[in-house]
Amino acid sequence: GKCPPLPSDKYGNISAETFPLGTKLYYVCDNGYERRSSQYPGIRCRNISGTASWVYSEFECIEEEILLSKNRTAELNFTQKPARTTQSPAPRKQENIIGFCDEPKTIPHASLGKDNTYLVGQVIHFRCQTGYDKQPPISRTLTCKNWNGEVHWMPLDMQCTNGS
């Protein structure tokens, strides 16, 4: 089942490190870049031979100027800017919980779009923004659970304050 919208907290940031089977995410090209036509930007967490793995299709972000050029083929070979230095996360040891995919790989000049659609089992990590401090009790995760037939986020027992 799908989880309800996340509770909002204007002083914190959320992130996910693992995703349950069935999760779909989409890559979005950075400003100044576009995806090659006919390439699908989506990935999905699936069970592949008993291991939760992301299924990727070919996806690449190319400079808009190059895509618009008449000599696109020649320019792709000689003038494309180098990819960002961001690397894909290092593969984790096989301690991967069956049913959950690790963080997806990074793609040069692209980021993962956030549609805030989460499935039961999703765990979200919460961090206070810079300048705000955690106040007890401190639980840094939210988990989406099916409780007595109702899907909801387990409460986050953490508040961020700036002392005022």
note = Applying side chain to side chain contact (heavy atoms under 4.5 Å, CB included) to L119 and not counting sequence neighbours gives K2, P20, T23

Close side-chain approach of [X] and [Y], heavy atoms under 4.5 Å:
| X | Y | result |
| --- | --- | --- |
| V151 | C144 | yes |
| W54 | K105 | no |
| I107 | F59 | yes |
| I62 | Y33 | no |
| T18 | C101 | no |
| V28 | P41 | no |
| I43 | Y27 | yes |

query = I48: which other cluster members, linking ILVMFWY side chains closer than 4.5 Å, directly or transitively?
reply = V55

Could you report the tightest heavy-atom contact between [X] and [Y], atom names first, then the distance?
| X | Y | result |
| --- | --- | --- |
| C45 | A52 | SG-CB, 4.3 Å |
| H152 | W147 | NE2-CB, 3.3 Å |
| A16 | Q122 | CB-NE2, 3.5 Å |

If you round to the nearest 0.5 Å, how far is [atom2] of [Y] from [atom1] of [X]?
| X | Y | atom1 | atom2 | value |
| --- | --- | --- | --- | --- |
| S38 | E58 | OG | CD | 8.0 Å |
| K24 | R44 | NZ | CZ | 4.5 Å |
| E34 | C61 | CD | SG | 9.5 Å |
| L112 | E103 | CG | CD | 9.5 Å |

inquiry  = Set out, in order, the CA-CA distance, both residues' side-chain angles and the distance that settles side-chain contact (heavy atoms from CB on, under 4.5 Å) for F19 and D102, then state yes or no.
reply    = CA-CA 7 Å; F19 300 84; D102 291 335; over 6 Å; no

message = In this structure, would Y118 and V120 fall into the same cluster of hydrophobic residues linked by side-chain contacts under 4.5 Å?
response = no

task = Please step through side-chain contact (heavy atoms from CB on, under 4.5 Å) for the pair D30 and S111, ending with a clear verdict.
result = CA-CA 7 Å; D30 295 339; S111 56; 4.0 Å; yes

ask   = Between E60 and R35, is a side-chain contact (heavy atoms from CB on, under 4.5 Å) present by the stated rule, with each step listed?
value = CA-CA 6 Å; E60 183 180 19; R35 70 179 166 91; over 6 Å; no

task = Please report the C-alpha distance between F100 and L21 in whole Å, then the side-chain angles of each, then the deciding distance to 0.1 Å, and finally whether the side-chain contact (heavy atoms from CB on, under 4.5 Å) criterion is met.
result = CA-CA 6 Å; F100 287 86; L21 287 172; over 6 Å; no

